[in-house]
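Comments concern the structure below.
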Amino acid sequence: MPRVISAEIQAKGAVALAQWRRRKAIAVRKGGKFLAKWEEEERIKREQKKVTPMMAIKSFCNGCVGGIRADIKNCTATHCPLFIYRPYQKDDNA
């Protein structure tokens with residue numbers, strides 16, 4: 001059974017790779033601004049894959065309170081959907 005799943009995953013990967021290569025070939029053929037835009041979009045996609053959910057929450061909280069760690073820890077915005085996930089909740093001395 002695992003081989004069927006593995007083959008299915010490989011097939012999906014092969015299809016995705018073929019589509020990516022097709023889009024890249026089109027961008028290279030058009031060149032100029034189109035190629036630059038495509039390369040920028042690919043760079044952004046790679047960077048987004050490196051961001052973990054906790055990193056995204058930390059970044060959001062930092063932006064919300066102005067980057068002050070104590071304000072994130074003592075946040076009172078209980079209406080915020082990320083309130084229970086906010087970083088720095090544990091005591092630093094513990």
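Legend: residues meeting side-chain hydrogen bond (donor to acceptor under 3.5 Å, both in side chains) with Glu40, ordered by chain and number and at least two apart, are Arg43. Residues forming a side-chain contact (heavy atoms from CB on, under 4.5 Å) with Ala56 (at least two apart in sequence, or on another chain): Val51. The side-chain contact (heavy atoms from CB on, under 4.5 Å) check on Cys64 picks up nothing, with sequence neighbours excluded. For Thr52, the side-chain contact (heavy atoms from CB on, under 4.5 Å) partners two or more places apart in sequence, or in a different chain, are Met54, Met55.
Judged by the 6.0 Å and 45° rule, Arg86 forms a cation-pi pair with Phe83.
Closest non-hydrogen pair, Ile72 versus Pro87, comes out as CG2-O, 3.5 Å.
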Side chain to side chain contact (heavy atoms under 4.5 Å, CB included) between Cys80 and Phe60, intermediate numbers included: CA-CA 11 Å; Cys80 176; Phe60 177 84; 4.1 Å; yes

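Distance SG/Cys61 to NZ/Lys73: 14.5 Å, rounded to 0.5 Å.
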Let me check something: any side-chain donor-acceptor pairs from residues 13-36 under 3.5 Å, sequence neighbours excluded? List them with distances.
from  : atom 1 : to    : atom 2 : distance (Å)
Trp20 : NE1    : Glu42 : OE1    : 2.9

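Counting side-chain heavy-atom gaps under 4.5 Å among Ile, Leu, Val, Met, Phe, Trp and Tyr, Ile68 is found in no cluster with other residues.
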